[in-house]
Amino acid sequence: MVFKREWKRAQKALWIWVLALGGMTFLIMSIYPQFAENKEQLQELMKLYPEAMLKAFNIDQLGFDSALGFYAIEGYLFVTLFGSIYAAMLAGGILVKEESDRTVEFLLSKPISRVQVVVQKAGAVALVLVVFNTVLSVINYLGFQVAGDDHIDMVTFILISLAPLLLHLTFAALAFGLSAFFRKQRLVTSISLAIVLFSYFVSIVASISDKLSKLKWITPFEYVNSAYIIEQASIKPVYLIIMIIIMVISVTAAIVKYMKKDLVI
Amino acid sequence: MHAIELNHLTKRYGNARGIEDVTFQVAKGEIFGFIGPNGAGKSTTIRTLLNFLYPTSGTAKILGKDVVTEAKNLRQHIGYLPSEVHYYDDMKVKELFRFSAGFYPGDSSKHALELAERLQLDTTRKIEDLSFGNKKKVGIIQALMHEPQILILDEPTAGLDPLMQSIFFELLKELQQKGTTIFFSSHYLSEVQKLCNRVAIIKDGRMIKIENMEDLHAKQFKKVHLHFHNKWDQKIRLEGVLQENKTVNSYEFIYNGHTRNLLDQLVTIPFDDVTIEEPSLEEIFMHYYEKEAGENDGL
């Protein structure tokens with residue numbers, strides 16, 4: 001019941017985000033042909049940019065000379081950053097809003113255990129994010145077709161589609177786990193957004209400065225670095241494991257905390 | 001086996017006042033009133049019974065099952081009306097009933113619609129557009145729709161107009177005849193008096209007394225205010241006066257006893273005006289129960 005309800009409830013926001021992000025990447029990909037025509041000029045132009053900026057956006061490693069590279073620099077940023085914001089907001093609110101809106105007294109007077117509530121809500125978030133990423137990937141694929149002549153390596157494409165999903169799930173799990181410890185939705189939303197933006201900031205800093213490159217370990221954005229995925233055609237296993245551990249720990253923490261929580265209304 | 005059983009139940013949390021060492025039993029098929037002033041611990045007790053709150057110490061059982069360890073199974077048999085009703089504002093009334101019905105075996109949404117008709121509630125409206133009284137009706141229906149064995153109602157009549165209140169009381173009486181146990185809280189003694197078999201009285205988180213309604217009926221309370229235009233001799237002595245307050249031209253007291261006796265006595269007094277009203281629960285507490293509780297403690 002809770003799973004079904006949350007799935008239905010999430011629909012509106014889901015499709016608004018799909019439309020916004022899908023539309024954005026589609027637009028970006030549709031201007032790629034013009035970029036490709038003026039490739040040489042562009043490369044000259046890029047030399048004028050400060051090195052730090054090229055590093056920050058992976059332009060140094062990827063370049064604009066393939067559709068995939070172009071997407072990885074331009075579109076990927078939107079999907080990872082804004083998608084993570086969406087994921088964190090969705091997951092951060094789904095549990096705590098019952099307390100914030102004082103509906104928990106209704107829900108938990110029904111024959112459903114607290115664990116079921118947490119698990120079903122987590123499941124709904126996961127399903128929404130899978131659908132979100134699948135639809136976005138389809139739109140991306142169409143975008144690549146529009147972008148033209150390039151042959152796209154399917155393995156790389158699937159990885160570059162899977163990576164944002166993993167990232168979104170990671171941030172969602174963090175926000176979800178966190179939300180079990182609070183009673184007010186607004187507070188959770190703010191903290192979740194701060195985590196996403198801070199992580200993004202750290203990933204930029206880590207890629208610019210060699211001194212601070214160790215910081216890449218603490219930011220999930222680095223775990224799904226598009227340059228690495230495209231060059232190596234793989235997601236680094238250690239990062240994959242870290243993400244899975246974050247998800248497991250966060251959801252477990254949410255369950256344990258929620259089971260013991262006094263629901264003060 | 002008792003329908004509801006509290007053993008030394010204690011809940012302390014944060015700065016909010018909890019409950020301290022509350023013990024009582026509710027028999028099956030009984031209508032049990034739970035009264036006390038605001039903030040006395042009524043809602044805390046009820047929320048602990050429903051396992052929204054975990055007890056600090058002591059235990060509570062419903063239908064012989066522990067409210068903490070068997071919370072989920074118990075809820076199948078409990079209908080709960082919170083003191084403040086809050087629902088998902090994106091839902092229509094009938095959508096909420098359908099959602100609610102989904103948690104129980106069988107199709108209880110039909111029964112919900114019957115109840116809605118009886119309480120004159122439009123189920124096609126959005127919940128957020130409903131008035132406070134209508135939201136309360138939604139709450140009542142979703143508590144009753146699955147025909148639970150135990151009904152726990154937290155201040156159910158607040159916000160209902162007198163007509164709805166009497167329909168609601170009728171419903172409760174019918175349910176009692178079918179064997180439903182009803183536990184309900186209120187801060188109006190007079191409201192509880194009409195309906196209950198027994199009442200428990202709680203104040204400052206502690207149980208003060210459990211009364212049989214028959215005993216309580218014998219103890220009728222009236223608040224009497226006599227007004228004198230001129231100075232009066234202030235030497236009147238009446239039987240059954242619990243607490244009095246005399247001024248130059250007025251005499252106010254709480255009376256305990258038969259109302260007819262009160263009237264017989266009043267006839268002899270040369271007052272110019274009189275008002276006789278129901279005392280508030282707080283007044284009875286102050287003048288009667290608190291004193292008695294103190295005596296019981298040997299103070």
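So that the names make sense, note that chain A is the first sequence line, chain B the second, and so on, each numbered from 1.
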- Task: On the 0 to 90° scale, with breaks at 30° and 60°, tag the B/F99-B/F103 ring pair as parallel, tilted or perpendicular.
- Result: perpendicular

- Is there a side-chain contact (heavy atoms from CB on, under 4.5 Å) between B/T10 and B/V22 once you walk through the steps? CA-CA 7 Å; B/T10 298; B/V22 173; over 6 Å; no

- Message: Shorter than 4.5 Å, heavy atoms on both sides: which option in B/L96, B/T48, B/L81, B/I78 has the most such pairs with chain A?
- Response: B/L96

- Message: Taking every non-hydrogen pair under 4.5 Å, which of A/R9, A/Q116, A/K260, A/R5 racks up the most with chain B?
- Response: A/R5

Can I get a per-line list of side-chain donor-acceptor pairs under 3.5 Å for residues 159-175 of chain A, giving both atom names and the distance, sequence neighbours left out?
unit_1 : atom_1 : unit_2 : atom_2 : d
A/S161 : OG     : A/S137 : OG     : 3.4
A/S161 : OG     : A/F157 : O      : 2.8
A/H168 : ND1    : A/N133 : OD1    : 3.4
A/H168 : ND1    : A/N133 : ND2    : 3.0
A/H168 : ND1    : A/P164 : O      : 3.3
A/H168 : NE2    : A/V79  : O      : 3.0
A/T170 : OG1    : A/L166 : O      : 2.7

- Query: Checking heavy atoms, do the side chain of A/K261, its backbone, both or neither come under 4.5 Å from chain B?
  - Reply: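 Only the backbone of A/K261 comes within 4.5 Å of chain B.
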
- Item | Test item: B/L121 and B/V93 side chains (from C-beta on) under 4.5 Å apart, heavy atoms | yes

